[in-house]
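Down below is the structure, laid out as structure tokens.
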Amino acid sequence: MHALPPTPPLDFALLQQAPPGQGPRGRRTLWWLLGLLLLVVASVVALVLYLNAFEHEEEERRRVSDGQWLEQSVRFHFVRLEEDLRVLARQALQRPDAPARVAPSVQGGLLWNQPGAVLWHGWQAYDPQHPGANQPPDLRRARAAHPWNDEALASMLDIAVGLRRSSYAGPLRDAQGQATDVVWLAVPYFERGEFLGNYLAALSMNACVDGLVPAWFHQTHRVQLASDPALAPAGQEAPAPASYLAAMNLPGTDMFIEIAPLRAQPAMVPRLFLLVALLFLAGMLVSLLALRRDIAKRQRVQALLQAQMVLRTAMEDSVTIGMRAWAPDGRILYVNEAFCRMVGYSAAELLGRRAPMPYWPANRAEEIHVMHRDVIAQGTRSEGLEVQFQHRDGHLVDVLIHEAPLATASGEPVGWMSSVLDISEKKRAERLAAQQQERLEASGRLVAVGEAASTLAHELNQPLGALSSFAHGLLNRLQSRSVSAEEIERVVQRMARLSDKAGGIIQRVNAFARRRELVLAPVDLAHFVQRCIASHPRADAVRVEWSAAPADVWVQADELLLEHVLNNLLANACAWSVRCGEAPRVRVTLASAPAPGMASVSVADNGPGVAEADREQIFNAFFSTQEGGMGMGLAICRSIVEAHHGRIEVGRDEELGGARFTVWLPMAPGAALQSKETP
């Protein structure tokens, strides 16, 4: 196999160069663009100012025109109303005897026919003997409402007679002095130069204005009554700056109609021209901003590439994970320094190489080649791929490989990027942990064997001692020829039972040490405890008191193992009770607690008891408070009780004063019922 020429590494020198500065030509172009921009901005500002002034002038002209039109319309309709009242005055003179309920009729104008405009109207005849007589009641009430009303109405009547023309008074005020919209009109009537009287009318100016202004005018203007600003009282709201005050020209009143446009009506041609100019300006600004952004973006990208290059170089120098990029055809495109240190080959020796790779072990080259093809086809799994590489010096390196697709900016796949992690130390630690686990299991087996041996020694001590006693006693009787065949048979039978019991102990302890299932059966706890007490060797030397629950108590237990627990507790109680200096006493109590479903067997003595410091470790293996004790009896008892899903406790008996060991076992009511029904 001939070696391919090494592929030259990528050159990032251009990215490390500083961005070139702008030349003189570029600066001149930028100044021209800025000058053009300033010129366009100045033109737009001038156009905006001109358009603003033009719109203000046009709006003012339109407002004045609308106000003058409204003034003429108001004057025309009030003159028509005065003529209508003269007609009514003529009718009143022609029919002086007409009843009051017959209202005069006239083909009136707009104000006469406007609902609510004329609040009251009537004829006031003139009496030369009594000029102030014949005043209508409505006029008298209006004059009496406020002093200002009396003065204004008196002036209205005097002006109407003296100047021989219609006169107005108002707006009148109410009793509190607040101005209202009521205005009185006096139309004098002369016939052949002789004053005959006035036709009076009370007008609601708001209703009059509503009737005077057409609906189309209301759609574009806000119209309301207003007083003369110069005569307005302090605190009254002044007219809006954009409004126009149209004088109503009613002699004797200072009333105006305030006209304000609801919406502006701008000129469209200048605005279109301004819009086109703004569009051109916006386009120029966008172009300049885009150009500036492009230049700034290129500078940022260039600086970013330089920073990334520096960062990449620093990462390549410091990273310990091998990186490798290769094409879909298996050709290596890139390796970092960590990968080269991992396999012992330089980058020049690996770039451009195709499978088989020089760092593949010779005995596994075909297997790795198949894995390589699978990676090309579907990539690695999420947990990675574990393989072995061979270093250049020959030692094997365990590695974990993760592959990720390598693509261009447009998304076109160009190969794979591999991260190679050296897991040799991890594999070595796993192998060492496996060896340690094997050693630990072996130690556990030795401990189990020792525990079983200790248990057997402790359990077989009693039956073997009894067998030895029976054997020596029988031998002595035989030597003295003082034993009969029947006695020999009884002794041999007891020895056989003791040997069977020893064999059962060996089997059960062996099964218990191997964590096999217990042989559970229903046990009548009261009879079982009595039998254990009766068969205990120290039952005759020590006074054993027994008390049981009134009802039968049944449990599911292995009778042989449970007997060992009770015998052990009785033996300990008898051994400690003889050390009290008094008559030894041992008390065994059986009780049941139906609510939690537990039965308890307590063994108490009048010995010295268990010290507080020893209660926490009294059930630990190899802990003993007796001289020469092995420390396995109570530990085995706890294991047996816990195997029956119970618990064992130690405390001080309040009556005897010594130790009290209590064994709690789950009750089995179903088993008790079954035993009672069995014939």
Which residues pass the salt bridge (charged side-chain N to carboxylate O under 4.0 Å, His left out) test with E425, not counting sequence neighbours? R428
Listed partners of E386 passing side chain to side chain donor-acceptor pair (under 3.5 Å), at least two apart: K427
Indicate yes or no: at least one non-hydrogen side-chain atom of V187 is less than 4.5 angstrom from one of N198. no
Identify whether the distance between the nearest side-chain nitrogen and carboxylate oxygen of D294 and K297 falls below 4.0 Å. no
Test of understanding: with side-chain contact (heavy atoms from CB on, under 4.5 Å), list the residues that count as partners of F190, not counting sequence neighbours. R164, P188, F195
Side chain proximity check, M323 to M417, heavy atoms < 4.5 angstrom: yes
Kindly write out the residues that satisfy salt bridge (charged side-chain N to carboxylate O under 4.0 Å, His left out) with R140, not counting sequence neighbours, or none if the list is empty. none
For the residue pair L172 and W148, what are the closest heavy atoms and their distance? CA-CZ3, 4.2 Å
Identify the heavy atoms of W416 and L406 that sit nearest to each other, and give their distance. N-CB, 3.8 Å
Sorted by chain and number, sequence neighbours left out, side chain to side chain donor-acceptor pair (under 3.5 Å) with N206 holds for D181
To the closest 0.5 Å, what do you measure between CG (L85) and CZ (R90)? 12.0 Å
How long is the span from the CD atom in E82 to the OG atom in S166, to the nearest 0.5 Å? 3.5 Å
How would you list, by chain and number, every residue that makes a side-chain contact (heavy atoms from CB on, under 4.5 Å) with S73, sequence neighbours excluded? H77
Do side-chain atoms of S418 reach the backbone of E403 as a donor and acceptor pair under 3.5 angstrom? no
Should L665 and H645 count as side-chain neighbours, where that means a heavy-atom distance under 4.5 Å? no
Could you tell me whether the side chain of I257 reaches within less than 4.5 Å of the side chain of V209, counting heavy atoms only? yes
Of V74, L250, V183, the residue whose pairing with M255 passes side-chain contact (heavy atoms from CB on, under 4.5 Å): V183
Please collect all salt bridge (Lys or Arg N to Asp or Glu O under 4.0 Å) contacts where either partner lies in residues 191-203, sequence neighbours excluded, each pair once. none
Partners meeting salt bridge (charged side-chain N to carboxylate O under 4.0 Å, His left out) with R75 (sequence neighbours left out): none
Of all the heavy-atom pairs spanning A152 and A169, show the shortest one and how long it is. O-CB, 3.5 Å
In plain terms, say whether E83 and R86 are close enough for a salt bridge, that is, a side-chain N and a carboxylate O under 4.0 Å apart. yes
With heavy-atom distances below 4.5 Å as the criterion, would you say the side chains of L203 and L119 are in contact? no
Apply side chain to side chain donor-acceptor pair (under 3.5 Å) to R647 and list each qualifying residue two or more places apart in sequence or on a separate chain. E649
Taking every heavy atom of G116 against every heavy atom of A207, the minimum-distance pair comes out as O-CB, 3.4 Å
Among residues at least two apart in sequence or on other chains, which ones pass side-chain contact (heavy atoms from CB on, under 4.5 Å) with S600? A591, T662, W664
Hits for salt bridge (charged side-chain N to carboxylate O under 4.0 Å, His left out) against R143, two or more places apart or cross-chain, chain-then-number order -> D150
Within the structure provided, determine whether F78 and L185 are in side-chain contact (heavy-atom separation under 4.5 Å). no
Between V399 and L421, is there a side-chain heavy-atom distance shorter than 4.5 Å? no
For W184 and L200, work out which heavy atoms get closest and say how close. CZ3-CB, 4.1 Å
Using the rule given for side-chain contact (heavy atoms from CB on, under 4.5 Å), can you reason through L93 versus W123, listing the C-alpha separation, both sets of side-chain angles and the distance that settles it, and then say yes or no? CA-CA 9 Å; L93 290 173; W123 171 252; 3.7 Å; yes
With no hydrogens and no angle check, just 3.5 Å: does a side-chain donor-acceptor pair link Y189 and Q124? no
Taking side chain to side chain donor-acceptor pair (under 3.5 Å) as the definition, give me every residue that meets it alongside N336, ordered by chain and number, with sequence neighbours left out. none
To check you understand the geometry: which heavy-atom pair defines the closest contact between Y168 and T253, and what is its length? CB-CG2, 3.7 Å
Pairing donors with acceptors under 3.5 angstrom, does anything connect the side chains of D84 and W112? no
Flag the pair L111 / V118 as yes when at least one side-chain heavy-atom distance between them is below 4.5 Å, and no otherwise. no
Decide side-chain contact (heavy atoms from CB on, under 4.5 Å) for S592 and M667; before the verdict, give the C-alpha distance in whole Å, the side-chain angles of both, and the deciding distance to 0.1 Å. CA-CA 8 Å; S592 62; M667 297 176 62; 4.0 Å; yes
Candidate pair M205 and T180, rule side-chain contact (heavy atoms from CB on, under 4.5 Å), full reasoning: CA-CA 9 Å; M205 300 308 295; T180 64; over 6 Å; no
